[in-house]
Amino acid sequence: MKNIRVRFAPSPTGYLHVGGLRTALYNYLFAKRNNGKFILRIEDTDQSRYVEGAVENLINALKWSGLEFDEGPEKDGGFGPYFQSQRLDIYKKYAADLVKNKNAYYCFCSPERLTALRDEQKSQNLQAKYDKHCLSLSETEIKEKLDARIPYVIRLNIPSFEKVVFNDIIRNRVEFDTATIDDQVLIKSDGFPTYHLANVIDDHLMDISHVIRGEEWLSSTPKHVLLYNFFGWEIPQFAHLPLLLNPDKTKLSKRQGDVAVEDYRAKGYSPEALLNFVALLGWNAGDDKEFYYMDELIEKFSLERVNNSGAVFDIQKLNWLNTEHFRKLPKENLLSQLKSILADSEFNDANYSDEYLLLIIESMIERVTSVKEILEKSPYFFTDPLSYEEESKAKNWKPETPELLNELAKRFALLGKITDKHDFEKPLKELAAEKEIGAGKLIHPLRLAVSGMSTGPGVYDLLYIIGKEKTISRIGKAVKAI
Ligand code: GLU
């Protein structure tokens, strides 16, 4: 059997689309499952769409998600270069071969003629198609025009009435009538190849066994099949992945939510969760399992189990998976994330012990869905409260509260070394009993005084983590400030 070699071939547009991430993931899973190679090829021949930094963004997003390629930019596997912009001579040579064999031809038509043709076809309700006008130019005419430096493109000479049939692993037999296919431009007037030519040549030269890509390329595939045939090359296996849809079943768009992997990263989603989520956009293992780690995905994945109907992008499911993955992360991982987030935060001047940070993580893990959220929801572990929640003040801060809290602080001060969170409970309960009030009358304002907030971990956990000294000093501050 042929070596399995698959590729992810993005055009650098500036960011990695989640659809692109799914394509990359399916290619990656397929390669890993079959001991194959996963190749990254940058399809950057469209000069008009050049975006500064786009390739770096793309490679960074792939790195972040953990989809490491076996061959690609700066990772030569003997099939490079992996940037199409560095392979222009190759495309020119093959285009010349096609012209020589009359499978492609020079077209010197002016933009004006092409527009007029299109308008004419439109007015007759015909499909817009080039009319092969330049196909009948003689050798001499072609030479004259080339010598006169008239701008030209090279077009694929699509045979008129044929069926192009190919197999797709997900869709089975696919058939196109060549009458519906335009004489595709292969080399543009700037000398650059179009996607179709470069893609086919590279898939062949890079020995790609399976072309796994989005459904939007399905209608291009007959052109590619014709090219393979013209060149006399073996046709790779195709698998076209279903479209990604918004919940209202329209094509996934920026207008209805984030589409860039970078956006999800910035929002604190973990790569494990995002990959788990996109894995399920069009694939399932045949059961209703939804939570996956990468090694299980590799073990279970098959192209045969990819659906051919559109996959709805359900953000709720992503959120759920993100939480599930987050809560199952090893402590060390959470700790190192928290440290790095702290280092980039306004609280980066203090040195927190691992023990302290682990206590915080433990107390917050069920209340957040990312480490970043720990800082957002409980800044009080890193700073004295800068303000006090108004609603809680109105509800819980009574005229007698300052005196009660002062008394409580006094009793806390008498405690020896705190070894257990319940050490704080005893004096609080005793004071409540003496004053004949419910413990809530102490607990709510105490929480407010110590954290500035009305929600968070259990109050005794909170006090235990913050410590006796800080608890007492914060009570003092709050009594003055509120
Ligand atoms: N450059 C194309 C893209 O941006 C690649 C399509 C393919 O995989 O053939 O998606």
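Whatever order the structure lists them in is the order used to number ligands and atoms, beginning at 1.
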(request) Kindly say whether Gln184 contributes a backbone atom to a donor-acceptor pair with the side chain of Asp182 at under 3.5 angstrom? (result) no

min-distance protein heavy atom vs atom 5 (C) of ligand 1 -> Ala9 O, 3.1 Å

Does the distance from a Lys or Arg side-chain N to an Asp or Glu carboxylate O, for [X] and [Y], drop under 4.0 Å?
X      : Y      : result
Asp207 : Lys37  : no
Asp203 : Arg41  : yes
Lys267 : Asp263 : no

Of Phe238, Phe8, Tyr195, the residue with the heavy atom nearest atom 6 (C) of ligand 1 is Tyr195

A student comparing Glu43, His224, Arg7 should find that the heavy atom closest to atom 8 (O) of ligand 1 comes from Arg7

### Task
Look only at interatomic distance and state if Val211 has a nitrogen or oxygen under 3.5 Å from any nitrogen or oxygen of ligand 1.
no

Taking only non-hydrogen atoms of Asn199 and a 4.0 Å limit, the atoms of ligand 1 in range are 7 (C), 9 (O)

Contact with ligand 1 for Glu216, non-hydrogen, under 4.0 angstrom: no

For the residue pair Ser363 and Phe381, establish whether any side-chain heavy-atom pair is separated by less than 4.5 Å. yes

